[in-house]
Structure formats: structure tokens, C-alpha cells
Amino acid sequence: MAALVDVGDVVVLVGDLGAGKTAFVQGFAASLGVTAPVTSPTFTLANRYEGRLVVNHLDVYRFDCPEEVSDLALPELLDDGVTLVEWGDTIASALPSEHLSVTIRFGDGDDDRNFELRGRGETWNRRAGRLRAALEGWAVPC
């Protein structure tokens, strides 16, 4: 999936505590060539990693309202790399309308997870076929 992103893309991560949002970012960043340890930015709000693309990793769990996004300088981040936002659904009104939403749910087993991906906007609509092809081995028909 990381092979399909480009500068300015936003990936919104949704899921319960412990569902694997940070683990997802770790794998995503590794796929983009990030070699630094990827850690949760729960208290720092934002981490930045260098790879094939810059990876901006945000965690807005502690935000009470979308207006707090101004503290993150989000427009500047979007100009420089791909941005993954944990708990991004809580600030949806402050995010660009063009984004990929990834919902992570617990599966039947302790280590099982189910992912639901929804592209929003024309950019993700154009990539839908390539995204489906990239995830073909993992997908379950709905």
C-alpha cells in the first residue's frame, strides 16, 4: 500500500486502543525505507521520519476538538511527504477531503486484525484499482 502514496497524501487511521494503528505506521514507514525506530507520538503529537518519502506520523488522541489541529501546522506537513493520522476521525473536519481512511478492528484471534479501507476524493478513486491489486492476497470479498 505504501508504494501507492505520494507527497501530500493523508492516511487516516481509525481503531480502538491497541488495535494496531502505530504498528501499521511502523510497517508503512518501513515500506517507504524508514530505518529509524517509529514510535507513537501520543505525547509529542507529531513525529517525522525520512525515507523514500517523508513520513509525518500524527496522533490526535488527546485532542478535544478539531480546532486544536492548528497546533500541528498541518498544511505545512501536507506539503512535505505523506501524513498518517492516528485517531484522525476525531478531527475529520480539519483534514483534507482527499484522504484514505484505514479502520482497524480486532479479529477473532488475539493477533488477528481486520482492515477496512475507504478512499475519499478523486485521487483515491483513481488509485482504487491499483490499491485493490496491491492488497489482493489479503482481501476478503465484502
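FYI, side chains are in, hydrogens and waters are out, and symmetry mates aren't considered; it's all heavy atoms of this structure. All of these numbers come straight from a predicted model, not from anything done at the bench.
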Item to check | Considering all heavy atoms, the nearest Leu84-Val55 contact | outcome: CD1-CG1, 3.8 Å
Item to check | Arg48/Asp80 ion pair, N-O < 4.0 Å | outcome: yes
Checklist entry - Which heavy atom of Val10 sits nearest a heavy atom of Trp124, and at what distance? => result O-NE1, 4.4 Å
Item to check | Sub-4.5 Å side-chain heavy-atom contact between Phe24 and Glu86 | outcome: no
Next on the checklist: Please give me the minimum heavy-atom distance between Ser101 and Val14, naming the atom from each residue.
Outcome noted: OG-CG2, 4.3 Å
Item to check | Side chain Arg113, main chain Asp110, donor-acceptor under 3.5 Å | outcome: yes
Checklist entry - Would one find more than 12 heavy atoms of other residues, nucleotides or ligands at under 6.0 Å from atom CZ of Arg132? => result no
Checklist entry - Got a sec: does the CG of Asp111 have more than 12 other heavy atoms crowding it under 6.0 Å? => result no
Next on the checklist: Is there a path of hydrophobic side-chain contacts, each under 4.5 Å between heavy atoms, that joins Phe63 and Val85?
Outcome noted: yes
Next on the checklist: With clusters defined by side-chain heavy atoms of hydrophobic residues (ILVMFWY) lying less than 4.5 Å apart, directly or transitively, does Leu100 cluster with Ile104?
Outcome noted: yes
Next on the checklist: I'd like to know whether Asp6 forms a side chain to side chain contact (heavy atoms under 4.5 Å, CB included) with Arg127, so could you lay out the CA-CA distance, the side-chain angles of the two residues, the decisive distance to 0.1 Å, and finally the verdict.
Outcome noted: CA-CA 11 Å; Asp6 205 352; Arg127 295 183 202 164; 4.2 Å; yes
Checklist entry - Hey, does Asn56 have a side-chain heavy atom less than 4.5 Å from the side chain of Val82? => result no
Next on the checklist: Can you confirm whether Val54 sits close enough to Val7 that some side-chain heavy atom of one is under 4.5 Å from a side-chain heavy atom of the other?
Outcome noted: no
Checklist entry - Going through the checks in order, is the side chain to side chain contact (heavy atoms under 4.5 Å, CB included) test met by Met1 and Val102? => result CA-CA 11 Å; Met1 191 175 116; Val102 177; 4.1 Å; yes
Checklist entry - Take atom CD in Glu136; do more than 12 heavy atoms of anything else shown fall under 6.0 Å from it? => result no
Checklist entry - Pairs in or reaching into residues 20-34: which pass salt bridge (Lys or Arg N to Asp or Glu O under 4.0 Å), with residues at least two apart or in two chains? => result none
Checklist outcome for this item: Sequence neighbours excluded, the answer for salt bridge (Lys or Arg N to Asp or Glu O under 4.0 Å) partners of Asp89 is none
Checklist outcome for this item: Heavy atoms of Asn47 and Thr44 approach each other most closely as OD1-OG1, 3.2 Å
Checklist entry - Which pair of heavy atoms, one from Leu17 and one from Phe106, lies closest together, and at what distance? => result O-CZ, 3.5 Å
Next on the checklist: More than 12 heavy atoms of other residues, nucleotides or ligands under 6.0 Å from CZ of Arg118: yes or no?
Outcome noted: no
Item to check | Worked check of side chain to side chain contact (heavy atoms under 4.5 Å, CB included) between Leu135 and Leu117 | outcome: CA-CA 10 Å; Leu135 301 173; Leu117 282 65; 3.5 Å; yes
Item to check | Phe115 vs Thr103, side chain to side chain contact (heavy atoms under 4.5 Å, CB included): CA-CA, chis, key distance, verdict | outcome: CA-CA 6 Å; Phe115 293 78; Thr103 301; over 6 Å; no
Next on the checklist: Just verifying a value: how many Å separate Tyr49 OH and Phe28 CZ, rounded to the nearest 0.5 Å?
Outcome noted: 14.0 Å
Item to check | Glu116/Arg105 ion pair, N-O < 4.0 Å | outcome: yes
I'd like a table of donor-acceptor pairs (distance under 3.5 Å, sequence neighbours excluded) in which one partner is a side-chain atom from residues 30-41, with atom names and distances.
residue : atom : partner : partner atom : Å
Ser31   : OG   : Gly27   : O            : 3.1
Ser40   : OG   : Thr42   : N            : 3.4
Ser40   : OG   : Thr42   : OG1          : 2.7

Next on the checklist: As an exercise, state the distance from CG of Leu58 to CG of Leu95, rounded to the nearest 0.5 Å.
Outcome noted: 9.0 Å
Checklist entry - Do Val11 and His99 come close enough that some side-chain heavy atom pair is under 4.5 Å? => result no
Checklist entry - Which one of Val25, Leu13, Leu45 satisfies the side-chain contact (heavy atoms from CB on, under 4.5 Å) criterion with His57? => result Val25
